[in-house]
Amino acid sequence: MKMSKMFFRTLREVPADAETASHKLLVRSGFIQQLGAGIYSLLPFAKRSMEKIENIMREEIDQIGGQEILMPVVNPAEVWKETNRYYEIGSEMSRFQDRKGGDMVLAMTHEEIVADLVRKIVQSYRQLPMLVYHIQTKWRDDPRPRAGLIRVREFTMKDSYSLDVDQEGLDTQYKAHYQAYFNIFAKCGLPVVAVLADVGMMGGTMAHEYMYLSPIGEDTLLICDSCGYMANRQIALFDKPEPIHQSALSLEEVETPNVKTIEELANFLNVKKIETAKAVFMMGTFTEGQEDVTKLVFAVIRGDMELNETKLANAIKAKELRPAHDEEIEAVGAVAGYASPIGLKDVLVVVDELIASSSNLVAGANKEGFHLKNVNYGRDYQASVVADIVAAEAGFACIECGSPLKESRGVEVGNIFKLGTKYTEALGANFLDQNGKSHPVIMGSYGIGSGRLLACIAEEYHDDNGLIWPISIAPYHVHLVALRDVKEQADQIYANLSKAGLEVLYDDREETPGVKFNDADLIGLPIRITVGARSLKEGNVEVKLRSEGERRLIPLEDLVGEVIGLKQKLEDEIMDQIVEN
RNA sequence: CGGGGCGUAGCGCAGUCCGGUCAGCGCACCGCGUUUGGGACGCGGGGGUCGGAGGUUCAAAUCCUCUCGCCCCGACCA
């Protein structure tokens, strides 16, 4: 490709609205342009890299038996109503009506459509197992897109769906994806870890998320270096400390004026935080049929810990949780700052298991300026649910081995879910077994966002001067920089390299060497060839890897072979990253 | 949805408090000439109804009201 004719431009200045390295560099180097919040156009470079990523995904998913299909982005709402997700999912799913007034949605994932296809196509166990996938646009009206391609509203996703007759089959396909995903990320050059994850709106029984560890990540992960336990903070388990257990003393009201936080309470009464119970009020939204009802949720956790909203929501099957307003708290007779689970009516009380087994805690008295000592679960109050609802933190003990956990941030680049029969059951996607008995097909779903993956790779591979693409997803292999008065020779080199099957970006522009070199660094193609009169006089051209500083002079006649060798070497290095997991 | 910030030429910005040569600067772009191995120089030039709509005023980028959009933090979310 001749650069003089390319539909792009590089920017000298950092775009004002970019914060992260990948965002700044992808815009500056002319890969992407923003159209709206979380909506981007891909320019030629990004389009080419994206295709390479997608082809890597095709290779790996085909390898485990995937068949590529393409499902529509615009869906009639009926099928989403059948699974109830039309009602369960909030405004991140965009809805509209067609000309006849029929409800339509923009697909944010495709479980429904797959299940619909399955009920139309699959009838017998003989057809299973099966794996289908597509690479398609998704629309999710995220309330807060950010960081360029890291978090967008419109994006392309590779999503595959496994179809099985039994749990074993699902396990097999899940494992196959588990490895295939590591292969995909390795081939793209991106280091990732797989962590246990919440199933979220997908439902199902098990999920892993593939995380690119980076401070720009929005997810917090808990990692055990000793045994390898890794989980998203949303669900991370930990080994809870032994509760303080003594014989129950009698309730005692103590005056605690202006003591509203646990910190103040512990200081005022001279007790440890672990001897206190903390009240956290949330408003929960619950789906009952097609109706949403909201209820106040009173979560009780130990004073030294933090509430984990995901665990709480899962424990009570809430669709949504948000902090309650003061009026909502007062409406049930509780007093913010001095709240107590004792003596409340019409409130969903959820107690952390550690609280349930602790004795003689300090809690609020539901009376302005007073707390209660020696509060005991069971004797003094009951709960609707007792569950693990507190958040794991760095330093807490690993659930597997007891070693201290550490925290890290991560960007979720892929996920795999064991869905089970949630969708197939709802849609009646059944097959007949050997005995002629009907069962719902067992599904798994597996997704990778290709644009986010591209952005993470940019995030991982760059320096002060620009991007440094891994050869496998670089838009071109070679950046051919022609300096002054060498047009004929450079044209010839361009032709020779191209004929040899190399992808060459040919900088044939009328620019000064500095501009060309800087653009080459910014764009970040792996191999740079400089053709200049100076070295050409000796019959040489200069070859340099973007990832290394060293330039080498190569005789013109050896150039094609040399570059093919370099490309091979870079590709081999990438392939060496693939490991069995 | 809550908090904060910002919309002036393709990009980055100044000007807004205090209304009146404030339609400006740098980069980019076009022409001519010189230059040519790490973001060249000179001369000449093109481009903006100051996000939008109302209003106040003799006069609005500037003041007021409404509105749209974008970014960041939080909430939320795969």
Side-chain angles (χ1 to χ4, degrees), chain A residues 8-20 23-24 27-28 30 33-39 88-93 108-111 138-148 150-153 155 157 159 197-204 207-211 216-219 232 234 282-283 285 309-310 313 318-325 410-417 445-449 451-452 465-466 481-486 507 509-522 528 530-537 540-542 544 549 551 553:
Chain A
F8 94 119
R9 70 183 300 194
T10 54
L11 301 178
R12 294 197 180 190
E13 311 228 32
V14 177
D17 54 8
E19 297 265 319
T20 57
H23 188 190
K24 289 176 189 170
V27 173
R28 277 194 62 207
Q33 277 284 326
Q34 180 170 25
L35 180 62
I39 305 176
E88 288 168 5
I89 296 175
S91 45
E92 63 269 25
M93 181 158 78
M108 47 191 297
T109 175
H110 283 84
E111 284 79 11
K138 305 281 186 271
W139 170 260
R140 296 185 188 177
D141 194 359
D142 195 287
R144 198 155 99 70
R146 61 176 282 274
I150 295 285
R151 188 179 179 85
V152 291
R153 295 195 291 170
F155 59 101
M157 188 177 204
D159 36 332
D198 183 45
V199 295
M201 71 165 187
M202 293 298 182
H208 282 88
E209 290 168 341
Y210 289 77
M211 291 285 181
I216 68 158
E218 295 178 281
D219 287 280
N232 195 309
Q234 292 176 327
M282 306 293 295
M283 282 307 282
T285 306
E309 291 185 24
T310 305
K319 170 185 165 186
E320 264 177 41
L321 281 178
R322 62 161 173 82
H325 305 304
V411 180
E412 182 189 341
V413 286
N415 55 43
I416 56 179
F417 290 91
S445 83
Y446 315 84
I448 295 179
R452 182 180 281 186
N465 297 322
V481 177
L483 300 182
R484 194 168 180 257
D485 294 331
V486 295
D507 192 348
R509 299 175 302 171
E510 300 281 334
E511 292 286 356
T512 59
V515 170
K516 293 186 174 188
F517 290 139
N518 279 304
D519 276 348
D521 285 345
L522 183 59
R528 188 176 91 192
T530 307
V531 185
R534 212 169 60 187
S535 37
L536 211 51
K537 219 185 300 172
N540 293 324
V541 293
E542 186 184 296
K544 172 182 177 304
R551 314 170 187 181
L553 290 176

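Chain A is the first sequence line, chain B the second, and so forth, proteins listed ahead of strands; every chain is numbered from 1.
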Atom of A/Val486, atom of A/Val531 and distance for their closest heavy-atom approach: CG2-O, 3.5 Å

Contacts under 3.5 Å, N or O only, protein and nucleotides 23-26 of chain B:
from	atom 1	to	atom 2	distance (Å)
B/G26	N2	A/Glu13	OE2	2.9

Integer angstrom distance from the P of B/C73 to that of B/A28: 32 Å

Euclidean distance, atom CD1 of residue A/Ile150 to atom C1' of B/C71 [Å, nearest integer]: 16 Å

Contacts of A/Thr10 that satisfy side-chain contact (heavy atoms from CB on, under 4.5 Å) - sequence neighbours left out: A/Phe8, A/Asp519, A/Leu522, A/Ile523

Value in whole Å for how far the P atom of B/A78 lies from NE2 of A/His110: 17 Å

With A/Glu218 via side chain to side chain donor-acceptor pair (under 3.5 Å) - residues at least two apart: A/Arg151

Listed partners of A/Arg153 passing side chain to side chain donor-acceptor pair (under 3.5 Å), at least two apart: A/Asp141

From B/C72, B/A75, B/C70, nucleotide with atom closest to A/Pro143 side chain: B/A75

Whole-Å gap separating C1' (B/C72) and NE2 (A/His23): 12 Å

All ring pair (Phe, Tyr, Trp, His ring centres under 6.0 Å) counterparts of A/His110, not counting sequence neighbours: A/His134

Residue met sooner reading RNA chain B from 5', once A/Gly148 and A/Met157 are mapped to nucleotides: A/Gly148

Under 3.5 Å, which N/O atoms of the protein pair with N/O atoms of nucleotides 13-15 of chain B?
none

Separation of B/C76 P from A/Ile89 CD1 (nearest whole Å): 17 Å

A/His208 NE2 - B/A78 P separation (whole Å): 18 Å

A/Arg146 CZ to B/G5 C1', straight-line distance once rounded to whole Å: 17 Å

Rounded distance in Å between the P positions of B/A9 and B/A53: 16 Å

Taking every non-hydrogen atom, the tightest pair across A/Val411 and A/Ile150: CG1-CG2, 4.2 Å

Presence of donor-acceptor pair under 3.5 Å, side chain of A/Arg151 and base of B/C77: yes

Closest contact, heavy atoms only, A/Thr109 versus A/Arg140: CB-NH2, 3.8 Å

Atom pair distance, as rounded to whole Å: CD in A/Gln33 and C1' in B/C70: 14 Å

Residues which pass salt bridge (charged side-chain N to carboxylate O under 4.0 Å, His left out) with A/Arg528, listed by chain and number, not counting sequence neighbours: A/Asp521

Distance between P atoms of B/G26 and B/G42 (Å, rounded): 11 Å

B/C66 and B/C76, which share atom name C1', separated by this distance in whole Å: 29 Å

Which residues share a ring pair (Phe, Tyr, Trp, His ring centres under 6.0 Å) with A/Tyr210, sequence neighbours left out: A/Tyr181, A/Phe182, A/Phe185

Listed partners of A/Lys544 passing salt bridge (charged side-chain N to carboxylate O under 4.0 Å, His left out), at least two apart: none

Nearest-angstrom distance, C1' atom, B/A60 to B/G54: 14 Å

Qualifying residues under side chain to side chain donor-acceptor pair (under 3.5 Å), relative to A/Asn232, sequence neighbours excluded: A/Glu209, A/Asp219

Sugar-phosphate only, base, or nothing, as touched by A/Tyr210 at under 4.0 Å among non-hydrogen atoms: nothing

Under the salt bridge (charged side-chain N to carboxylate O under 4.0 Å, His left out) test, residues paired with A/Glu542 that sit two or more places apart: A/Arg551

Contact pattern, 5' to 3', of nucleotides 30-46 of chain B - B, S or - by protein heavy atom under 4.0 Å: ------BBBBB------

Nearest-angstrom distance from the residue atom CG of A/Asp141 to C1' of B/A75: 16 Å

